[in-house]
Amino acid sequence: MKRELLGPSLFLALFTLYAVVAWQIPLLPFEEYETVTSATLPKVYAAFGIVVCLLSIGSTLLRPNEKAAENQPLEISHVVRTLGLLVLMVIYSAVLEPVGFLISTSAFLLAGFFVMGERRKKILLFASIPVAVVFWFLMTQVLGIYLVPGDLWS
């Protein structure tokens with residue numbers, strides 16, 4: 001399978017499973033006669049995702065082959081990077097509560113940029129730490145949303 005078809009196909013499978021689950025969300029007793037229920041938004045997300053995936057697959061299949069370089073098969077280095085990012089996501093979710101949002105997010109972004117191929121130290125530091133701090137500030141100080149501070153501070 002070509003690289004341009006693999007992503008949309010995987011997302012199509014994911015959104016199809018999401019749609020199956022979304023249509024099984026039970027309604028609460030007071031939602032029976034409501035127009036918008038707790039299952040409305042998941043159904044809309046699922047339908048929107050399926051439509052976008054089908055459009056992406058269709059545009060890829062209908063696009064004329066202008067360059068042979070664009071239709072290269074999937075390389076092993078891309079798979080390794082993807083698996084590396086998936087492992088980083090699992091580690092991030094495991095250390096988020098004990099370490100806290102700021103430290104774990106900064107470390108996740110640093111490691112993620114490194115896995116994706118960035119090796120310049122200034123770029124790694126200035127692309128991860130300020131992003132995590134600004135996001136933390138906006139969420140906690142501006143919007144008042146709780147982000148876990150971590151057990152290191154207590």
Side-chain angles (χ1 to χ4, degrees), residues 1-63 70-118 127-154:
M1 179 175 286
K2 300 296 181 190
R3 191 172 32 180
E4 292 83 13
L5 289 176
L6 182 63
S9 298
L10 290 176
F11 274 106
L12 180 62
L14 178 74
F15 277 115
T16 303
L17 289 174
Y18 186 72
V20 168
V21 172
W23 258 270
Q24 294 176 357
I25 295 174
L27 294 179
L28 298 172
F30 61 87
E31 292 181 325
E32 286 184 31
Y33 302 109
E34 297 292 327
T35 306
V36 178
T37 65
S38 59
T40 303
L41 202 56
K43 290 177 183 178
V44 170
Y45 284 158
F48 183 72
I50 289 172
V51 167
V52 169
C53 289
L54 289 174
L55 289 174
S56 178
I57 291 170
S59 70
T60 301
L61 292 175
L62 294 176
R63 183 178 344 144
E70 290 180 0
N71 292 325
Q72 295 176 353
L74 190 63
E75 295 178 17
I76 193 71
S77 65
H78 294 104
V79 174
V80 170
R81 284 183 180 175
T82 303
L83 291 176
L85 285 175
L86 289 173
V87 168
L88 280 175
M89 286 182 217
V90 170
I91 293 170
Y92 174 70
S93 66
V95 301
L96 183 60
E97 192 161 336
V99 177
F101 177 80
L102 277 175
I103 295 172
S104 59
T105 303
S106 298
F108 170 72
L109 289 174
L110 272 167
F113 289 143
F114 189 81
V115 166
M116 293 306 293
E118 183 59 54
S128 60
I129 296 172
V131 168
V133 170
V134 168
F135 187 76
W136 171 85
F137 178 78
L138 287 173
M139 294 307 241
T140 59
Q141 306 302 314
V142 176
L143 297 175
I145 297 173
Y146 174 77
L147 294 176
V148 63
D151 295 333
L152 293 177
W153 308 110
S154 57

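As the structure is a prediction and not an experimental result, all values here were calculated from the model.
- The minimum heavy-atom distance between L96 and S104, with the atom names listed, is CD1-OG, 3.2 Å.
- Here the straight-line distance linking atom CG of L12 with atom CG of L54 works out to 5.0 Å at 0.5 Å rounding.
- When every heavy atom of S128 is checked against every heavy atom of L109, the shortest pair comes out as CB-CB, 3.5 Å.
- The backbone N or O of I103 sits nowhere less than 3.5 Å from a side-chain atom of S106 that would complete a donor-acceptor pair.
- Looking at F101 and P149, their side chains never come closer than 4.5 Å, going by heavy atoms from C-beta outward.
- For F113, the ring pair (Phe, Tyr, Trp, His ring centres under 6.0 Å) test picks out no residue, with sequence neighbours left out.
- Atom CG of L110 and atom CD1 of I129 lie 5.5 Å apart (nearest 0.5 Å).
- No side-chain heavy atom of V90 sits less than 4.5 Å from a side-chain heavy atom of L86.
- Considering all non-hydrogen atoms of both residues, V115 and L88 come closest at CG2-CD1, 3.8 Å.
- No side-chain heavy atom of L138 sits less than 4.5 Å from a side-chain heavy atom of L143.
- In this structure a side-chain-to-backbone donor-acceptor pair under 3.5 Å is missing from T105 to L102.
- Under the 4.5 Å side-chain criterion, counting only non-hydrogen atoms from C-beta, I145 is not in contact with T140.
- Annotation: Y33, atom OH; neighbour count of heavy atoms from other residues, nucleotides and ligands within 6.0 Å does not exceed 12.
- Summarising the local packing, CD of E97 is surrounded by 12 or fewer heavy atoms from other residues, nucleotides or ligands at distances under 6.0 Å.
- Residues Q141 and W136 form a side-chain contact, since some pair of their non-hydrogen atoms from C-beta on lies under 4.5 Å apart.
- Taking the side chain as every heavy atom from C-beta outward, V21 and L17 never approach each other to under 4.5 Å.
- Rounding to the nearest 0.5 Å gives a distance of 7.5 Å between NZ of K43 and CD1 of I25.
- The main-chain N or O of V52 is never found under 3.5 Å from a side-chain atom of S56 such that the two would form a donor-acceptor pair.
- Once rounded to the nearest 0.5 Å, the distance linking CG of L55 with CG of L62 reads 10.5 Å.
- In this structure, OG1 in T60 is found 5.5 Å from CG in L5, a value given to the nearest 0.5 Å.
- Proximity of L85 to M116: side-chain heavy atoms (C-beta onward) are separated by under 4.5 Å at one or more points.
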(request) Verify side-chain contact (heavy atoms from CB on, under 4.5 Å) between V87 and L83, making sure each step is shown before the conclusion. (result) CA-CA 6 Å; V87 168; L83 291 176; 5.5 Å; no
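- Checked against F15 for a side-chain contact (heavy atoms from CB on, under 4.5 Å), the options V20, L10, V51, I50 give a single hit: I50.
- The number of heavy-atom neighbours closer than 6.0 Å to OH of Y92, taken from other residues, nucleotides and ligands shown, is above 12.
- A distance of 5.0 Å separates CZ of F108 from CE of M89, quoted to the nearest 0.5 Å.
- I57 has its side chain within reach of L61: a pair of non-hydrogen atoms, C-beta onward, lies under 4.5 Å apart.
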